[in-house]
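Start at 1 and go down the list; that is how both ligands and their atoms are numbered.
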Amino acid sequence: MSTAVVIGGGVSGLASAYYIQRYLPQFSKVIVLESSKRVGGWVNTTINPDGCIFEHGPRSLRPVGPQGRNTLQLAEELGLTRDVLPILRSDPAAKNRYLYVKGKLWALPNSVTSLFKKVPPFSEPLIKVLAAEPFHRRSKEPDETVHSFVSRRLGREVADIAIDAMCRGIFAGDCRSLSVRACFPPLHEMEQKHGSLVAGLLFGSKSPKVEASGLVREAVDCKWASWSLRYGLQQLTDAIADAVTNTRGGEVRTHSKCLAIQPKDNGKVVVRTEGDSIEADLVISSIYSRDLAPLLPASLSDLRKELSSLESVNVIVVNLEYKDDVLPVKGFGHLLPSSENGPLLGVVYDSCTFPQHGRKGSPNSTRLSVMLGGSWYNKLLNSDGSLPSGSDLLQMATQAAAAHLGIKARPIRSHVTLQEECIPQYKVGHVKWVADVENKIQQSKLPLKLVGASYRGPAINDCINNARKVIVAMKPT
Ligand SMILES: Cc1cc2nc3c(=O)[nH]c(=O)nc-3n(C[C@H](O)[C@H](O)[C@H](O)COP(=O)(O)OP(=O)(O)OC[C@H]3O[C@@H](n4cnc5c(N)ncnc54)[C@H](O)[C@@H]3O)c2cc1C
């Protein structure tokens with residue numbers, strides 16, 4: 001009987017183990033190796049003693065598209081249906097998103113009528129931009145930056161303000177270097193297939209009607225915009241880990257750092273940890289590509305070099321809780337384009353998105369998450385190159401809440417987390433890089449497959465769906 005080893009116990013690794021148990025019966029043993037003391041990776045929830053929840057990593061998932069539906073299906077399989085907290089498309093937390101530009105908070109257009117009005121900070125109605133879009137030329141380049149793509153198609157202002165801020169919110173990255181093909185594949189495809197985004201939206205192939213049931217059906221019928229879980233998103237990764245452990249042959253080992261993957265003559269590999277050597281027929285790596293590189297044999301120096309070349313950014317998440325409802329607006333949160341205050345990326349209004357995560361038994365408090373750093377992390381550093389202290393970072397976050405939202409009170413609770421190298425940056429050429437890396441692995445004849453945020457999308461939905469695809473592709477015929 002065969003053994004599969006999964007390196008990394010974040011959502012990608014756990015989902016891979018789950019799907020191996022489901023689809024690859026030839027593996028009687030599935031071992032997840034996680035170097036830290038807990039599973040979940042960047043999915044990391046603190047439940048304070050009074051029930052108030054702070055998310056230090058991801059906080060909400062979208063239900064749409066095949067990826068979104070797959071995660072809902074997984075949540076259902078894991079028995080989490082009753083704990084799903086949806087945000088409806090009609091909720092202010094879904095409808096209202098803001099930009100903070102030139103010292104003011106501006107609501108982004110969120111209705112057809114608002115497209116026809118001049119809505120600051122934009123200098124002209126967005127309908128003018130959309131009407132001109134189909135007449136711009138199609139690019140002949142295989143890839144380009146998100147900024148150059150959007151400038152070409154929707155104009156410089158939309159790229160400089162809206163798209164710049166959006167890339168900071170999603171990737172904590174700079175739209176002037178991120179790849180449109182890797183970061184927003186549907187936009188790239190629409191231009192290639194239909195010559196324009198507007199034509200793609202109007203005439204593109206409609207997503208096939210899905211025979212849905214359970215949570216997927218509910219999400220469609222009730223028009224969900226996004227969702228989380230009663231005990232935060234870590235409930236999802238904890239539930240996957242439990243399902244893997246409770247299935248025969250499944251094991252999730254924490255404090256188990258993989259140190260090396262050594263090929264054997266019989267086509268298998270030995271996976272070494274500090275205290276153990278496991279002979280494996282299949283290895284799934286779900287860790288950051290740069291962390292995988294040194295685990296491979298020195299003879300694969302080209303592959304190691306490629307894997308090491310993917311950059312990622314550091315993000316600081318400051319969770320804040322204030323007494324009472326002190327938010328002046330209702331919505332998901334606001335973002336800042338890079339033209340504003342360098343390292344401050346945005347603020348999520350957590351108490352508005354998931355009021356259910358508030359403290360129990362006392363009046364609703366206000367919870368915010370302030371995100372700092374990303375590609376602008378260096379701007380945060382002191383003149384000697386050191387990171388400001390936790391209390392200085394906290395002060396930056398509370399000052400932002402005061403300046404942007406008028407919240408002058410002191411927070412009653414706070415938490416500062418530095419997430420190092422947490423979001424890989426898909427720069428121009430990323431799609432080709434993934435193909436090159438995978439070719440080199442195939443040539444190496446190692447029984448190794450890649451999943452995780454380094455390759456085909458960092459969103460949780462992408463991580464889970466890509467893990468499923470990689471495993472299903474190995475299903476015996
Ligand atoms: C601040 C922040 C906010 C985000 N917000 C959202 C959001 O709202 N929605 C969304 O969809 N996505 C969001 N994301 C993205 C998403 O959370 C991540 O891309 C995703 O969790 C990555 O999961 P992963 O399993 O691929 O990698 P990881 O979470 O990095 O897991 C890899 C695991 O491998 C372990 N490991 C590393 N090296 C070794 C080794 N040698 N041996 C054994 N184990 C090892 C690590 O300890 C880690 O646990 C956010 C990310 C961050 C950082």
Which of the numbered atoms in ligand 1 are under 4.0 angstrom from any heavy atom belonging to [X]?
{"X": "Ser256", "answer": "43 (C)"}
{"X": "Leu33", "answer": "43 (C), 44 (N)"}
{"X": "Val317", "answer": "1 (C)"}
{"X": "Ser60", "answer": "7 (C), 8 (O), 9 (N)"}
{"X": "Cys258", "answer": "40 (C), 41 (N), 42 (N), 43 (C)"}

Can you tell which of [options] gets a heavy atom nearest to [atom]?
{"atom": "atom 8 (O) of ligand 1", "options": "Arg59, Arg253, Lys257, Glu34", "answer": "Arg59"}
{"atom": "atom 7 (C) of ligand 1", "options": "Cys422, Pro58, Gly10", "answer": "Pro58"}
{"atom": "atom 27 (O) of ligand 1", "options": "Gly452, Gly41, Ser286", "answer": "Ser286"}
{"atom": "atom 19 (O) of ligand 1", "options": "Pro458, Gly8, Pro294", "answer": "Pro458"}
{"atom": "atom 3 (C) of ligand 1", "options": "Ala260, Gly57, Ser16", "answer": "Gly57"}

Does the [X] side chain pair with the main chain of [Y], one donor and one acceptor, at a distance under 3.5 Å?
{"X": "Arg359", "Y": "Ile53", "answer": "no"}
{"X": "Arg59", "Y": "Gly57", "answer": "yes"}
{"X": "Arg272", "Y": "Leu295", "answer": "no"}
{"X": "Glu34", "Y": "Ser36", "answer": "yes"}
{"X": "Tyr288", "Y": "Leu310", "answer": "yes"}
{"X": "Gln262", "Y": "Ala260", "answer": "no"}

Heavy-atom nearest neighbour in the protein, as seen from [atom], with distance rounded to 0.1 Å:
{"atom": "atom 52 (C) of ligand 1", "answer": "Ile423 CD1, 4.1 Å"}
{"atom": "atom 24 (P) of ligand 1", "answer": "Ser12 OG, 3.4 Å"}
{"atom": "atom 23 (O) of ligand 1", "answer": "Val11 CG1, 3.6 Å"}
{"atom": "atom 45 (C) of ligand 1", "answer": "Ser35 OG, 3.3 Å"}
{"atom": "atom 11 (O) of ligand 1", "answer": "Ile460 N, 2.8 Å"}
{"atom": "atom 30 (O) of ligand 1", "answer": "Trp42 NE1, 3.1 Å"}
{"atom": "atom 38 (N) of ligand 1", "answer": "Ile287 CG2, 3.6 Å"}

Task: Leu259 contact mode with ligand 1 (heavy-atom cut-off under 4.0 Å) - done: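 The answer is neither.
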Task: Centroid-centroid under 6.0 Å between Tyr349 and His334 rings - done: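 That pair passes the under 6.0 Å test.
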- [ ] Under the side chain to side chain donor-acceptor pair (under 3.5 Å) rule, what do Asn70 and Asn461 come out as? Steps first, then yes or no, please.
- [x] CA-CA 8 Å; Asn70 182 59; Asn461 286 339; over 6 Å; no
Open item on the list: Both conditions, 6.0 Å and 45 degrees, for the charged tip of Arg168 above the ring of Trp376: are they met here?
Closed with: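 Yes, Arg168 sits over the ring of Trp376.
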Open item on the list: Run Asn319 and His56 through side chain to side chain donor-acceptor pair (under 3.5 Å) and show every step you take.
Closed with: CA-CA 7 Å; Asn319 301 100; His56 309 300; 2.9 Å; yes
- [ ] Decide side chain to side chain donor-acceptor pair (under 3.5 Å) for Ser35 and His255; before the verdict, give the C-alpha distance in whole Å, the side-chain angles of both, and the deciding distance to 0.1 Å.
- [x] CA-CA 5 Å; Ser35 55; His255 299 287; over 6 Å; no
Open item on the list: Determine whether Ser2 and Gln26 satisfy the following criterion, side chain to side chain donor-acceptor pair (under 3.5 Å), listing intermediate values before the conclusion.
Closed with: CA-CA 6 Å; Ser2 308; Gln26 66 270 37; over 6 Å; no
Open item on the list: Test your reading of the structure: does Ala453 have an N or O sitting under 3.5 Å from an N or O of ligand 1?
Closed with: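 So ligand 1 has an N or O lying under 3.5 Å from an N or O of Ala453.
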